[in-house]
Amino acid sequence: MVILMQGIYYGILVLIIVLALFLFKKAQSIHRIDNRLSHVILIIGINVIIFPVAFFIGTMAMASPDSNYFNFITGFFIVQGIPLIILSVSVLLKFIEKKQSSC
């Protein structure tokens with residue numbers, strides 16, 4: 001049972017790393033075509049890498065017996081908040097650029 005759990009744990013980590021590397025490579029190939037889309041894909045790759053760390057920090061914030069779900073959310077968004085804000089801004093700029101180019 002322990003070996004199965006370790007396999008699932010390391011399998012998920014490998015999947016996250018491979019997905020992030022794929023997104024980074026995809027961002028490099030799209031960079032020649034569309035710079036803003038390349039930026040969005042790069043930020044998504046960074047979010048994919050930071051997500052397990054943010055989940056871990058949120059879980060550690062909830063380790064105390066008197067903690068609640070709010071402590072998990074606070075710990076999670078302390079780590080994941082800045083990349084999510086950057087992603088939101090880059091997607092917004094992509095939509096604004098697309099709207100201006102169509103007019």
Side-chain angles (χ1 to χ4, degrees):
M1 188 68 173
V2 173
I3 294 173
L4 177 66
M5 293 301 291
Q6 287 178 348
I8 291 172
Y9 175 74
Y10 290 118
I12 291 173
L13 286 178
V14 167
L15 181 69
I16 289 170
I17 291 170
V18 167
L19 179 63
L21 290 175
F22 170 75
L23 288 171
F24 290 147
K25 287 296 222 183
K26 191 72 171 169
Q28 287 177 351
S29 66
I30 293 177
H31 182 68
R32 296 182 191 103
I33 300 168
D34 189 0
N35 191 21
R36 186 70 65 189
L37 182 61
S38 171
H39 187 257
V40 170
I41 292 176
L42 183 69
I43 297 299
I44 290 173
I46 291 171
N47 274 314
V48 166
I49 288 177
I50 291 177
F51 181 77
V53 175
F55 190 75
F56 176 75
I57 298 296
T59 305
M60 289 296 113
M62 211 170 129
S64 175
D66 61 340
S67 62
N68 54 14
Y69 185 68
F70 179 73
N71 292 342
F72 171 78
I73 295 295
T74 303
F76 181 81
F77 280 116
I78 284 174
V79 178
Q80 191 73 22
I82 293 173
L84 285 175
I85 291 170
I86 294 171
L87 177 64
S88 302
V89 168
S90 63
V91 167
L92 182 67
L93 290 175
K94 173 68 180 159
F95 285 140
I96 290 172
E97 179 183 303
K98 187 175 182 179
K99 190 174 183 179
Q100 287 177 350
S101 67
S102 66
C103 291

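This structure is a prediction, so every number in the text was calculated from the model and none was measured.
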Donor-acceptor list for residues 49-64 side chains, cut-off 3.5 Å, not counting sequence neighbours:
unit_1, atom_1, unit_2, atom_2, d
Thr59, OG1, Phe55, O, 2.8
Ser64, OG, Asp66, OD1, 2.5

*same_hphob_cluster(Ile43, Phe95) at 4.5 Å side-chain heavy-atom cutoff*: yes
*Hey, what do you get for CZ (Phe24) to CD1 (Ile44), rounding to the nearest 0.5 Å?*
11.0 Å
*Given a cutoff of under 4.5 Å between side-chain heavy atoms of I, L, V, M, F, W and Y, with clusters grown through shared members, what are the other residues clustered with Ile96?*
Leu92
_Looking at every non-hydrogen atom in both residues, tell me the closest pair between Ala20 and Gly45 and how far apart they are._
CB-O, 4.0 Å
_Rounded distance [0.5 Å steps], CD1 in Ile82 versus CD1 in Ile46_ = 12.0 Å
_All salt bridge (charged side-chain N to carboxylate O under 4.0 Å, His left out) counterparts of Lys94, not counting sequence neighbours_ = Asp34
*side-chain hydrogen bond (donor to acceptor under 3.5 Å, both in side chains): pairs with one or both residues in residues 13-25, sequence neighbours excluded*: none
*Which residue pairs pass the side-chain hydrogen bond (donor to acceptor under 3.5 Å, both in side chains) test when at least one of the two sits in residues 83-93, sequence neighbours left out?*
none
*Could you state whether Leu19 and Leu87 fall into the same hydrophobic cluster, counting links through intermediate Ile, Leu, Val, Met, Phe, Trp or Tyr residues with side-chain heavy atoms under 4.5 angstrom apart?*
yes
*asked:* Taking side chain to side chain donor-acceptor pair (under 3.5 Å) as the definition, give me every residue that meets it alongside Asn47, ordered by chain and number, with sequence neighbours left out.
replied: Gln80
